[in-house]
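Here's the structure we're looking at; comments come further down.
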Amino acid sequence: MANLEATYKDSTAQNHSTLTNSGGGVCMMRTTWRDEQHPSFIDFISSFLSANSIRLNFVPIAPDFIFNCGGVSVAFIFLTNLDSKYLSLMFNRVQKLKGQFANLYVVIILPTKEQNDLFARSYFEYGMELGKPTFVPVQDLEMGFEKIVKIAHSRGVCKRQDAVTRLKVERKYSVQRMDLFLKVVTSIPGLDNHDANALNQAIGSVEAIAKASKAYILENTDLSADKAEIISRFFRDPKFYLSPKINRSEKQLI
């Protein structure tokens, strides 16, 4: 027992900062799972999570762990001992939880070839579907928990990257939309980019500008009365917006 405690303490010291860039998060541990483990292993988990800025809570949840890192929740079953007597119960539990959690992983300790072979046979005997959920075999407890934290962290990173990608796409679309807006509004005789930006900020879309009255434009922008009149006529008078236009700058070059 003393040797076991020393092993966990040494491992904690060695792995204490392995994932210091994990970005933090929350870990919920099932209370009954905690009570089945050696206290030194729980100390190892607590120290490992603390070193990586992950808050640990003990709660009566169905999985053994639920992590929330980067805004995504990931559930884990952590099987620390593969016992042939309880294979049916174990696989039934996995089948039940995979229907309850979109992100579920099963980390299983397989330190010997015999246990690995037993798991491989049982996996197909109990009708498991590859990747649903994903099983992660490891050789020891510390490695198993480190895998759990790495998986939770990587799912959080992917979630953040997806959010950044969507933001970039939306920003690109916004820029393209603004470019189109400027082209449309500056096609009105006498209006420049400053006028277009003023109209965009005060009134909004081209449709809204088309519906705005001369008085409304004068009241809400710094455009002159002449320009407000031109905008009003441009969107309302077919003879005006269908007639050929020559910009003043172009006219001066002729």
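All values reported here derive from a predicted model rather than from experimental measurement.
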Q) If you group Ile, Leu, Val, Met, Phe, Trp and Tyr by side-chain heavy-atom gaps below 4.5 Å, do Val74 and Ile66 land in one group? A) no
Q) Is there a side-chain contact between Asp195 and Ile188, using heavy atoms and a 4.5 Å cut-off? A) no
Q) With a cut-off of 6.0 Å (strictly less than), are more than 12 heavy atoms of other residues, nucleotides or ligands near CD of Glu36? A) yes
Q. Hey, are Lys113 and Asp117 close enough for a salt bridge, meaning a charged N less than 4.0 Å from a carboxylate O?
A. yes
Q) Does some side-chain heavy atom of Ile148 sit less than 4.5 Å from a side-chain heavy atom of Phe48? A) no
Q.
Please tell me whether Ile77 and Leu110 are part of a single hydrophobic cluster in this structure, the criterion being side-chain heavy atoms less than 4.5 Å apart.
A. yes
Q: Group every Ile, Leu, Val, Met, Phe, Trp and Tyr by side-chain heavy-atom contacts under 4.5 Å, then state whether Ile109 and Ile42 land in the same group.
A: yes
Q: Look up atom NZ in Lys85 and atom CG in Leu87, then write down how far apart they are to the nearest 0.5 Å.
A: 12.0 Å
**Q.** Validation row: Phe44, Leu141 side chains within 4.5 angstrom (heavy atoms)
**A.** no
Q: Decide yes or no for Met128 and Pro133: does some side-chain heavy atom of the first lie under 4.5 Å from some side-chain heavy atom of the second?
A: yes
Q: Over 60° means perpendicular and under 30° means parallel, so classify the ring planes of Phe135 and Phe91, tilted if in between.
A: tilted
**Q.** Atom of Leu104, atom of Phe101 and distance for their closest heavy-atom approach
**A.** CB-O, 4.1 Å
Q | Heavy-atom check, side chain of Val149 versus side chain of Glu146, under 4.5 Å | A | no
Q.
Is the shortest side-chain heavy-atom distance between Ile45 and Phe65 below 4.5 Å?
A. yes
Q) Got a donor-acceptor contact below 3.5 angstrom from the Asn197 side chain to the Asn193 backbone? A) yes
Q) What heavy-atom pair brings Ile203 and Ala212 nearest, and what distance separates the two atoms? A) CD1-CB, 4.1 Å
Q. To the nearest 0.5 Å, how far apart are CD1 in Ile108 and CG in Asn81?
A. 9.5 Å
Q.
Please find the pair of heavy atoms, one from Ala62 and one from Arg93, that lie closest to each other, and give the distance.
A. O-NH2, 2.9 Å
Q: Find out whether Val185 and Asn200 are in side-chain contact, i.e. whether some heavy atom of one side chain is under 4.5 Å from a heavy atom of the other.
A: no
Q. Can you tell if the side chain of Phe67 reaches within under 4.5 Å of the side chain of Cys27, non-hydrogen atoms only?
A. yes
Q.
Tell me which one of Asp83, Leu82, Thr112 satisfies side chain to side chain contact (heavy atoms under 4.5 Å, CB included) with Leu118.
A. Leu82
(Q) If hydrophobic clusters are built by linking Ile, Leu, Val, Met, Phe, Trp and Tyr wherever their side-chain heavy atoms come under 4.5 Å apart, do Leu130 and Met90 end up in the same one? (A) yes
Q. Considering all heavy atoms of both residues, which atom of Phe181 and which atom of Ala196 are nearest to each other, and what is their separation?
A. CE2-O, 3.3 Å
Q) Around Tyr126, counting heavy atoms of other residues, nucleotides and ligands shown, do more than 12 lie under 6.0 Å from its OH? A) yes
Q: Can you measure from CD1 (Ile217) to NZ (Lys227) and round to the nearest 0.5 angstrom?
A: 12.0 Å
Q. Are more than 12 heavy atoms from other residues, nucleotides or ligands located less than 6.0 Å from atom CD of Glu125?
A. yes
Q.
Rounded at 0.5 Å granularity, tell me how far NZ in Lys214 sits from CD1 in Ile230.
A. 10.0 Å
(Q) I'd like to know if Trp33 and Val94 are part of one continuous hydrophobic network [Ile/Leu/Val/Met/Phe/Trp/Tyr, side-chain heavy atoms within less than 4.5 Å]. (A) no
Q.
Testing the basics here: between Ala152 and Cys69, what is the closest heavy-atom pair and its distance to 0.1 Å?
A. O-CB, 3.8 Å
Q: Using modelled atom types only, decide if a donor and an acceptor are shared between the side chain of Ser187 and the backbone of Val184 within a distance under 3.5 Å.
A: yes
Q. Between the main-chain N or O of Lys132 and the side-chain N or O of Lys98, is there a donor-acceptor pair closer than 3.5 Å?
A. yes
Q) Do Asn52 side-chain atoms and Ile54 backbone N/O form a donor-acceptor pair below 3.5 Å? A) no
Q.
Just verifying a value: how many Å separate Met143 CE and Lys150 NZ, rounded to the nearest 0.5 Å?
A. 9.5 Å
**Q.** Expected output: side-chain Asn103 to main-chain Ser73 donor-acceptor under 3.5 Å
**A.** yes
Q. Distance-only, no hydrogens or angles: does the Asp64 side chain make a donor-acceptor pair with backbone N or O of Phe78 under 3.5 Å?
A. yes
Q. Looking at CD1 of Ile209 and OG1 of Thr221, how far apart are the two atoms once the value is rounded to the nearest 0.5 Å?
A. 9.5 Å
Q. Is there a donor-acceptor pair closer than 3.5 Å between any side-chain N or O of Ser47 and the backbone N or O of Asp43?
A. yes
Q: Please name the pair of heavy atoms, one in Pro63 and one in Leu97, separated by the smallest distance, quoted to 0.1 Å.
A: CA-CD1, 4.0 Å
Q.
Does Leu180 form a side chain to side chain contact (heavy atoms under 4.5 Å, CB included) with Val206? I'd like the steps, not just the answer.
A. CA-CA 10 Å; Leu180 181 60; Val206 173; over 6 Å; no
